[in-house]
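Data block below; observations after.
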2 protein chains.
Amino acid sequence: MSSSPALNEALIAEAARIFATLSEPTRLRLLKTLMAGPLTVSEIVAATGLKQGNVSKQLGVLTQAGFLEREREGNFARFRVSDPFVQELCRLVCDKIERDAHARVAALRGEI
Amino acid sequence: MSSSPALNEALIAEAARIFATLSEPTRLRLLKTLMAGPLTVSEIVAATGLKQGNVSKQLGVLTQAGFLEREREGNFARFRVSDPFVQELCRLVCDKIERDAHARVAALRGEI
DNA sequence: TTCCTATATAGCGATATAGCTATTTATCGA
DNA sequence: TCGATAAATAGCTATATCGCTATATAGGAA
(Lines give C-alpha, C1' and ligand atoms only; values in the text may rest on other atoms or scores of the structure.)
Protein backbone atom coordinates (compact mmCIF):
# COMPACT_ATOMS: atom_id res chain seq x y z
CA MET A 1 0.00 0.00 0.00
CA SER A 2 2.00 2.93 -1.27
CA SER A 3 0.61 6.44 -1.36
CA SER A 4 0.23 8.51 -4.49
CA PRO A 5 3.06 10.84 -5.54
CA ALA A 6 0.77 13.80 -4.89
CA LEU A 7 0.07 12.66 -1.36
CA ASN A 8 3.75 12.13 -0.80
CA GLU A 9 4.46 15.62 -2.03
CA ALA A 10 1.81 17.02 0.28
CA LEU A 11 3.28 15.13 3.20
CA ILE A 12 6.76 16.42 2.39
CA ALA A 13 5.49 19.96 2.03
CA GLU A 14 3.70 19.76 5.37
CA ALA A 15 6.76 18.29 7.09
CA ALA A 16 8.92 21.04 5.60
CA ARG A 17 6.48 23.63 6.92
CA ILE A 18 6.69 22.18 10.41
CA PHE A 19 10.47 22.16 10.35
CA ALA A 20 10.52 25.70 8.95
CA THR A 21 8.36 26.89 11.82
CA LEU A 22 10.96 25.51 14.22
CA SER A 23 13.94 26.83 12.29
CA GLU A 24 14.06 30.26 13.93
CA PRO A 25 15.98 30.73 17.19
CA THR A 26 13.48 33.32 18.35
CA ARG A 27 10.56 30.93 17.97
CA LEU A 28 12.45 28.15 19.76
CA ARG A 29 13.19 30.58 22.57
CA LEU A 30 9.49 31.37 22.83
CA LEU A 31 8.58 27.69 22.87
CA LYS A 32 11.20 27.00 25.52
CA THR A 33 9.88 29.86 27.63
CA LEU A 34 6.31 28.61 27.33
CA MET A 35 7.23 25.03 28.13
CA ALA A 36 7.55 26.05 31.76
CA GLY A 37 3.92 27.12 31.68
CA PRO A 38 1.42 29.50 30.04
CA LEU A 39 2.33 33.20 29.94
CA THR A 40 0.92 36.47 28.66
CA VAL A 41 2.66 38.44 25.93
CA SER A 42 4.00 41.00 28.38
CA GLU A 43 5.32 38.28 30.65
CA ILE A 44 7.09 36.74 27.69
CA VAL A 45 8.51 40.10 26.69
CA ALA A 46 9.79 40.59 30.23
CA ALA A 47 11.22 37.06 30.41
CA THR A 48 13.01 37.15 27.07
CA GLY A 49 13.90 40.78 26.47
CA LEU A 50 12.51 40.55 22.94
CA LYS A 51 10.52 43.42 21.41
CA GLN A 52 6.76 43.26 21.90
CA GLY A 53 6.02 43.43 18.19
CA ASN A 54 8.32 40.56 17.35
CA VAL A 55 6.97 38.46 20.18
CA SER A 56 3.41 38.98 18.97
CA LYS A 57 4.40 38.21 15.40
CA GLN A 58 6.26 35.00 16.22
CA LEU A 59 3.61 33.84 18.68
CA GLY A 60 1.22 34.29 15.79
CA VAL A 61 3.36 32.10 13.56
CA LEU A 62 3.58 29.39 16.23
CA THR A 63 -0.16 29.56 16.88
CA GLN A 64 -0.96 29.40 13.18
CA ALA A 65 1.23 26.31 12.95
CA GLY A 66 -0.78 24.72 15.75
CA PHE A 67 2.02 24.66 18.32
CA LEU A 68 0.41 27.20 20.64
CA GLU A 69 -3.04 28.10 21.86
CA ARG A 70 -4.17 31.63 22.59
CA GLU A 71 -6.62 32.58 25.30
CA ARG A 72 -7.93 36.07 25.97
CA GLU A 73 -7.87 37.17 29.59
CA GLY A 74 -9.35 40.62 29.75
CA ASN A 75 -6.76 42.91 28.32
CA PHE A 76 -4.16 40.16 28.12
CA ALA A 77 -3.49 37.25 25.84
CA ARG A 78 -2.19 34.11 27.44
CA PHE A 79 -0.35 31.57 25.31
CA ARG A 80 0.31 27.92 26.08
CA VAL A 81 2.00 25.03 24.30
CA SER A 82 -0.89 23.09 22.81
CA ASP A 83 0.73 19.87 21.72
CA PRO A 84 3.10 17.47 23.53
CA PHE A 85 4.46 16.80 20.06
CA VAL A 86 6.53 19.98 20.33
CA GLN A 87 8.18 18.80 23.51
CA GLU A 88 8.89 15.38 22.03
CA LEU A 89 10.42 16.92 18.96
CA CYS A 90 12.58 19.36 20.90
CA ARG A 91 13.72 16.68 23.30
CA LEU A 92 14.72 14.44 20.42
CA VAL A 93 16.72 17.21 18.79
CA CYS A 94 18.35 18.33 22.02
CA ASP A 95 19.34 14.76 22.82
CA LYS A 96 20.91 14.48 19.41
CA ILE A 97 22.87 17.69 19.93
CA GLU A 98 24.15 16.45 23.29
CA ARG A 99 25.11 13.09 21.84
CA ASP A 100 27.05 14.82 19.08
CA ALA A 101 28.76 17.08 21.57
CA HIS A 102 29.83 14.10 23.65
CA ALA A 103 31.05 12.35 20.53
CA ARG A 104 33.12 15.40 19.65
CA VAL A 105 34.64 15.48 23.13
CA ALA A 106 35.45 11.78 22.92
CA ALA A 107 37.06 12.34 19.53
CA LEU A 108 39.15 15.16 20.95
CA ARG A 109 40.26 12.89 23.82
CA GLY A 110 41.34 10.33 21.26
CA GLU A 111 43.34 12.93 19.39
CA ILE A 112 45.41 14.05 22.36
CA MET B 1 21.54 21.86 37.52
CA SER B 2 20.68 24.54 34.99
CA SER B 3 22.96 25.46 32.12
CA SER B 4 24.36 28.91 31.47
CA PRO B 5 22.43 31.33 29.25
CA ALA B 6 25.22 31.14 26.69
CA LEU B 7 25.03 27.37 26.53
CA ASN B 8 21.27 27.60 26.19
CA GLU B 9 21.65 30.02 23.34
CA ALA B 10 24.12 27.72 21.65
CA LEU B 11 21.75 24.79 22.06
CA ILE B 12 18.89 26.80 20.60
CA ALA B 13 21.00 27.97 17.69
CA GLU B 14 22.10 24.42 16.95
CA ALA B 15 18.53 23.11 17.14
CA ALA B 16 17.37 25.90 14.81
CA ARG B 17 20.12 24.93 12.38
CA ILE B 18 18.97 21.32 12.38
CA PHE B 19 15.36 22.29 11.80
CA ALA B 20 16.38 24.73 9.07
CA THR B 21 18.26 21.97 7.28
CA LEU B 22 15.06 19.94 7.23
CA SER B 23 12.84 22.84 6.23
CA GLU B 24 13.30 22.49 2.47
CA PRO B 25 11.04 20.11 0.52
CA THR B 26 13.89 19.30 -1.85
CA ARG B 27 16.14 18.17 0.96
CA LEU B 28 13.39 16.08 2.53
CA ARG B 29 12.81 14.47 -0.86
CA LEU B 30 16.52 13.62 -1.05
CA LEU B 31 16.48 12.17 2.46
CA LYS B 32 13.39 10.14 1.67
CA THR B 33 15.03 8.82 -1.50
CA LEU B 34 18.19 7.86 0.36
CA MET B 35 16.31 6.18 3.19
CA ALA B 36 15.69 3.26 0.86
CA GLY B 37 19.45 2.84 0.54
CA PRO B 38 22.67 4.54 -0.61
CA LEU B 39 22.72 6.05 -4.11
CA THR B 40 25.06 7.97 -6.36
CA VAL B 41 24.30 11.50 -7.48
CA SER B 42 23.26 10.40 -10.96
CA GLU B 43 20.99 7.73 -9.53
CA ILE B 44 19.37 10.36 -7.33
CA VAL B 45 18.97 12.70 -10.27
CA ALA B 46 17.31 9.89 -12.24
CA ALA B 47 15.08 8.91 -9.32
CA THR B 48 13.88 12.41 -8.47
CA GLY B 49 14.01 14.34 -11.72
CA LEU B 50 15.81 17.19 -9.99
CA LYS B 51 18.64 19.08 -11.70
CA GLN B 52 22.11 17.72 -11.10
CA GLY B 53 23.44 21.01 -9.79
CA ASN B 54 20.68 21.37 -7.23
CA VAL B 55 21.04 17.77 -6.13
CA SER B 56 24.77 18.25 -5.54
CA LYS B 57 24.19 21.49 -3.71
CA GLN B 58 21.51 20.12 -1.40
CA LEU B 59 23.40 16.87 -0.79
CA GLY B 60 26.24 19.12 0.27
CA VAL B 61 24.01 20.94 2.74
CA LEU B 62 22.74 17.65 4.19
CA THR B 63 26.26 16.25 4.43
CA GLN B 64 27.58 19.40 6.07
CA ALA B 65 24.76 19.10 8.60
CA GLY B 66 25.86 15.55 9.38
CA PHE B 67 22.76 13.83 8.01
CA LEU B 68 24.55 12.17 5.11
CA GLU B 69 27.90 10.54 4.45
CA ARG B 70 29.70 10.78 1.15
CA GLU B 71 31.87 8.04 -0.27
CA ARG B 72 33.90 8.30 -3.48
CA GLU B 73 33.55 5.35 -5.83
CA GLY B 74 35.81 6.02 -8.76
CA ASN B 75 34.14 8.68 -10.77
CA PHE B 76 30.98 8.52 -8.68
CA ALA B 77 29.93 9.80 -5.28
CA ARG B 78 27.67 7.61 -3.24
CA PHE B 79 25.61 9.13 -0.45
CA ARG B 80 23.98 7.40 2.48
CA VAL B 81 21.93 8.48 5.48
CA SER B 82 24.46 8.55 8.30
CA ASP B 83 22.29 8.83 11.36
CA PRO B 84 19.16 6.94 12.47
CA PHE B 85 18.25 10.23 14.14
CA VAL B 86 16.98 11.50 10.80
CA GLN B 87 14.59 8.60 10.43
CA GLU B 88 13.34 9.02 13.99
CA LEU B 89 12.75 12.71 13.45
CA CYS B 90 10.95 12.23 10.15
CA ARG B 91 8.81 9.45 11.54
CA LEU B 92 7.78 11.61 14.48
CA VAL B 93 6.81 14.47 12.20
CA CYS B 94 4.98 12.26 9.71
CA ASP B 95 3.05 10.62 12.53
CA LYS B 96 2.03 14.04 13.77
CA ILE B 97 0.86 15.06 10.32
CA GLU B 98 -1.23 11.91 10.01
CA ARG B 99 -2.72 12.40 13.47
CA ASP B 100 -3.66 15.95 12.57
CA ALA B 101 -5.18 14.82 9.29
CA HIS B 102 -7.29 12.23 11.09
CA ALA B 103 -8.33 14.83 13.63
CA ARG B 104 -9.42 17.14 10.82
CA VAL B 105 -11.43 14.36 9.21
CA ALA B 106 -13.09 13.57 12.54
CA ALA B 107 -13.89 17.26 13.01
CA LEU B 108 -15.45 17.39 9.56
CA ARG B 109 -17.56 14.33 10.39
CA GLY B 110 -18.72 16.13 13.52
CA GLU B 111 -19.67 19.20 11.52
CA ILE B 112 -21.90 17.36 9.05
C1' DT C 1 48.72 13.34 -21.84
C1' DT C 2 44.04 13.89 -23.70
C1' DC C 3 39.23 13.06 -23.78
C1' DC C 4 35.01 11.89 -21.39
C1' DT C 5 31.86 11.51 -17.76
C1' DA C 6 30.37 12.45 -12.89
C1' DT C 7 30.26 16.04 -9.43
C1' DA C 8 30.92 20.36 -7.57
C1' DT C 9 30.69 25.20 -7.72
C1' DA C 10 30.18 30.17 -9.29
C1' DG C 11 27.15 33.79 -10.19
C1' DC C 12 22.48 35.51 -10.77
C1' DG C 13 17.51 36.92 -10.32
C1' DA C 14 13.61 36.08 -7.56
C1' DT C 15 11.46 35.26 -3.26
C1' DA C 16 10.67 34.87 1.65
C1' DT C 17 10.93 36.57 6.08
C1' DA C 18 13.32 38.47 10.39
C1' DG C 19 13.36 42.48 13.21
C1' DC C 20 12.79 47.41 13.24
C1' DT C 21 9.64 51.66 14.04
C1' DA C 22 5.31 53.38 14.14
C1' DT C 23 0.55 52.81 14.29
C1' DT C 24 -3.89 50.51 14.97
C1' DT C 25 -7.08 47.69 17.42
C1' DA C 26 -9.13 45.85 21.59
C1' DT C 27 -10.41 45.82 26.32
C1' DC C 28 -10.63 47.49 30.88
C1' DG C 29 -11.40 51.07 34.54
C1' DA C 30 -12.73 55.74 35.81
C1' DT D 1 -17.59 58.28 26.88
C1' DC D 2 -12.72 58.79 27.53
C1' DG D 3 -8.24 57.67 28.46
C1' DA D 4 -4.73 54.10 29.41
C1' DT D 5 -2.63 49.82 28.63
C1' DA D 6 -1.97 45.20 26.09
C1' DA D 7 -1.57 43.15 21.87
C1' DA D 8 -1.64 42.96 16.89
C1' DT D 9 -0.37 44.75 12.57
C1' DA D 10 1.56 47.77 8.63
C1' DG D 11 5.38 49.10 6.08
C1' DC D 12 10.27 48.96 5.65
C1' DT D 13 15.20 47.40 4.97
C1' DA D 14 18.38 43.85 5.18
C1' DT D 15 19.56 39.25 4.56
C1' DA D 16 19.41 34.46 3.34
C1' DT D 17 18.83 31.05 0.03
C1' DC D 18 16.26 28.62 -3.65
C1' DG D 19 16.71 26.98 -8.42
C1' DC D 20 18.64 28.32 -12.66
C1' DT D 21 22.57 28.38 -16.28
C1' DA D 22 27.08 27.92 -17.15
C1' DT D 23 31.50 26.51 -15.89
C1' DA D 24 35.19 24.31 -13.23
C1' DT D 25 37.13 20.23 -11.08
C1' DA D 26 38.20 15.37 -10.56
C1' DG D 27 39.02 10.87 -11.75
C1' DG D 28 39.06 6.94 -15.15
C1' DA D 29 40.05 5.14 -19.76
C1' DA D 30 42.38 5.21 -24.14
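Here the structure is a predicted model, which means the values were calculated and not measured. Chain letters run A, B, ... following the sequence lines, proteins first, then strands; residues in each count from 1.
Ion pairing of D95(B) with R99(B) is absent here, as no side-chain N (NZ or NE/NH1/NH2) approaches a carboxylate O to less than 4.0 Å. With respect to R91(A) and E88(A), no salt bridge is recorded, no charged nitrogen being found less than 4.0 Å from a carboxylate O. Salt-bridge annotation for R78(A) and E71(A): absent, with no side-chain N of the basic residue lying under 4.0 Å from a carboxylate O of the acidic one.
The separation between R70(B) atom CZ and dG27(D) atom C1' is 11 Å, rounded to whole Å. For the pair E24(B) CD and dT17(C) C1', the interatomic distance rounds to 13 Å; values are reported in whole Å. At whole-Å resolution of the value, NZ in K51(B) and C1' in dT7(C) are 16 Å apart. As a whole-Å value, the separation of L59(A) CG from dA6(D) C1' is 13 Å. The distance from atom CD of E43(A) to atom C1' of dA7(D) is 14 Å, rounded to the nearest whole Å. If you measure from atom CG of N75(B) to atom P of dT7(C), you get 7 Å, rounded to the nearest angstrom. The distance between atom CZ of F76(B) and atom P of dC4(C), rounded to the nearest whole Å, is 17 Å. Look at CD on Q64(B): it is 10 Å from P on dT9(C), rounded to the nearest Å.
At the phosphate of dG19(C), OP1 or OP2 sits under 4.0 Å from a side-chain N or O atom of Q58(A). The shortest distance between the side-chain N/O atoms of T26(B) and the OP1/OP2 oxygens of dG19(D) is below 4.0 Å. Between R78(B) and dA6(C), a side-chain N or O to OP1/OP2 separation shorter than 4.0 Å is absent. An OP1 or OP2 oxygen of dA6(D) is reached within less than 4.0 angstrom by no side-chain nitrogen or oxygen of R72(A). Put simply, Q52(A) has no side-chain N or O that comes within less than 4.0 Å of OP1 or OP2 on dA8(D). Under 4.0 angstrom from either OP1 or OP2 of dA6(C) there lies no side-chain N or O belonging to T40(B). When the side-chain nitrogen and oxygen atoms of S56(A) are compared with OP1 and OP2 of dA8(D), one or more of them lie within a distance under 4.0 Å.
As judged by a 4.0 angstrom heavy-atom cut-off over every strand, G60(B) is placed among residues making no nucleic acid contact.
Using a 4.5 Å heavy-atom threshold, the side chains of Q87(A) and M35(A) count as touching.
Residue V61(A) is the one, among V61(A) and G74(A), whose nearest nucleotide of DNA chain C lies closer to the 5' end (criterion: closest heavy atom). Projected onto DNA chain C by closest heavy-atom contact, V55(B) and A20(A) fall at different nucleotides, the more 5' of which corresponds to V55(B).
In terms of heavy atoms, L34(B) sits closest to F79(B) at CD2-O, 3.4 Å.
Closest to the side chain of K57(A), out of dA18(C), dA7(D), dG19(D), is dA18(C).
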